[in-house]
Amino acid sequence: MLQVQFIRDNKDVVLEGLAKRNFANAEAIINDVLKFDETRRSTQVSLDNVLADSNKLSKEIGMLFKSGEVQKANLLKEKTSQLKESGKELTEQLNDVTTKLQDLLYQIPNVPHASVVAGTSEEDNEEVFKEGTIPNLGEKALPHWELAKKYDIIDFDLGAKISGAGFPVYKGKGARLQRALINYFLDKNTSAGYNEVQVPHLVNEASGFGTGQLPDKEGQMYHVTADDLYLIPTAEVPITNLYRGSLVKEADLPITLTGYTPCFRREAGSYGAHVRGLNRLHQFDKVEIVRVEKPENSYEALNGMVEHIKGILRELKLPYRILRLCGGDTGFTAALTFDFELYSTAQERWLEISSASNFETFQANRLKLRYKNSEDKNQLAHTLNGSSLALPRVLAAILENYQTPEGIKIPEVLVPYCGFEIIN
RNA sequence: GGAGAGGUGGCAGAGUGGUAAUGCAGCAGCCUGCUAAGCUGUCAUCCUUCGGGAUGCCCGGGUUCGAAUCCCGGUCUCUCCGCCA
């Protein structure tokens, strides 16, 4: 959520930014925000004055009662009724305009970083980095869902039986490889200084709101209605919300966290070939990194996260590229996002496996996550997160790119974690 | 699931109807050469014509001229009992 003050002071910047996202009716909405904000403030001034008068009267009445001048006190009491009424009216007006203002603010996405280009879809994303060699697998290369069947390591039908489509069952070496990846990722992250946490997989509404999933993206999350809890779509939600409502010390920044969780997504509306196999699931595993930073350091931190993720992909020896998302493809809450994509040789397409974003103060404003700055003022922190990494598509790419006539070779760095060198 | 207690500033902790003590920590200034102390201010949010004003004691209602305090509903934490990995 943008701060009203920021919109008030930087209307042009906001409008330019929203234009890059192709955000409809930006000008009208921003003008409404400014209008409601002005009404809100002037209403508050009027209300404050009424309340001040009535506080004064109350004090006088109290004094009069104390000194036994009951009649005078009762006379004053009558005067308060009028103030009460106008106070009530103004309070209603204030609540009304505040709600309207909030509702609008919830609808406005983050202002993209200066480096983000305008664009409407993934077509406009900019490739900023590419590395690794795409193996030549020949004609007989199989997509991972066929490999999974051939070696009996992932069973989609069994998952469909017990839950539904999009809930795979990992078996044998498949399960072990999955666990190896989780441990490998966590080890990489903790050795880079991220503190490991294990967090709940169900969160309350306030947490969903804090990181921006609610109220808008409600349909993307599984909702346990009996207890009003949401299954997390990403560890970003519980981990970032650890600091909801916190006032942290400047010396404690940056806060760097990592955690493994399953992620649950309803993926309402998805269909077709592109969701085959592991490409899009309702439940998948992911290791996440989260940072809370001072504003002046947040972009350097984002670069650091990108470099960190690069290091992991290099070790896995998978061909990948990095995209800087265009305005239209950048998530609602992010100011700048880099997507990492692996090349799946058998599917002949790029698969998104990580997304690293700087949210600047957008989440912090909702979370009320502040720190005391050097001037001893409370200031909103910047939040960032990135996947390191999302498991299924990494697994898919490993299966596909490492397939040989003898079986699927395990990337060298994973062998100690797996305890075997080949799936055959 | 049952019973009880509780939720007050960054932290600790008073306050049972008259408008949020006090301590610690932090910040600014003053002062003092004795390893740091003392004094003053500041130290939640919003508004402001920069004089101030309003709000704020878990959340939402209510009673009252006036609510941290009384009433109703919710929520969370703790203790005990029950059940249980």
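In the text below, chain A, chain B and the rest are named by the order of the sequence lines, each starting its count at 1. Values below: all heavy atoms of this structure, side chains included; hydrogens, waters and symmetry mates excluded.
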Spacing between A/Glu85 atom CD and B/C65 atom P, to the nearest angstrom: 14 Å
I'd like the P distance from B/G23 over to B/G18, given in whole Å. 23 Å
What is the distance, to the nearest angstrom, from the CG atom on A/Asp53 to the P atom on B/C65? 18 Å
Looking only at atom P, what distance separates B/C39 and B/C46, rounded to whole Å? 32 Å
Is the NZ or CZ atom of A/Arg179 both under 6.0 Å from the centre of the six-membered ring of A/Tyr417 and within 45° of that ring's axis? no
Spacing between A/Lys368 atom NZ and B/G9 atom P, to the nearest angstrom: 15 Å
Contact class for A/Leu247 vs. all strands (heavy atom < 4.0 Å): base, sugar-phosphate, or nothing? sugar-phosphate
Send over the distance from A/Leu64 CG to B/U19 C1', rounded to a whole Å. 16 Å
Any side-chain donor paired with an acceptor under 3.5 Å for A/His144 and A/Glu400? yes
Taking atom P in both B/G66 and B/C81, what distance in whole Å separates the two? 46 Å
Give me the distance, rounded to whole Å, that separates B/C57 from B/U45 when you measure between the P atoms they each carry. 15 Å
Look at all strands and tell whether A/Leu57 reaches a base, only sugar-phosphate, or nothing, counting heavy atoms closer than 4.0 Å. nothing
Do we see a donor-acceptor contact under 3.5 Å between the side chains of A/Ser207 and A/Asn204? yes
Could you tell me the separation between the NZ atom of A/Lys88 and the CG atom of A/Leu47, rounded to the nearest 0.5 Å? 13.5 Å
Please report, rounded to the nearest Å, how far the C1' atom of B/C27 is from the CD atom of A/Glu250. 12 Å
Which base sits across from B/U77 as a Watson-Crick or G-U pair, both distances under 3.5 Å? B/A5
Closest-nucleotide ordering on RNA chain B, the 5'-leading residue of A/Lys77 and A/Lys249: A/Lys249
Applying a 3.5 Å limit to both distances, which nucleotide forms a Watson-Crick or G-U wobble pair with B/A85? none
Lys/Arg-Asp/Glu bridge criterion (N-O < 4.0 Å) met for A/Glu307, A/Lys310: yes
Would you say the ring centroid of A/Tyr243 lies under 6.0 angstrom from that of A/Tyr371? no
B/A20 versus B/G33 - spacing of their P atoms, nearest Å: 41 Å
Do you know which two heavy atoms are closest between A/Ala381 and A/Val292, and how far apart they sit? CB-CG1, 3.7 Å
Considering only heavy side-chain atoms of A/Ala52, the closest of B/G18, B/A54, B/G10 is B/A54
How many Å lie between CG on A/Asn55 and P on B/A54, as a whole number? 5 Å
Would you say a side-chain N or O of A/Asn204 is under 4.0 Å from OP1 or OP2 of B/C76? no
Who pairs with B/C65 - Watson-Crick or G-U, where each distance is under 3.5 Å: B/G18
With sugar-phosphate taken as primed atoms, P, OP1 and OP2 and all else as base, the protein-contact string of nucleotides 42-48 of chain B at under 4.0 Å (heavy atoms; B, S, -) is --SSBSS
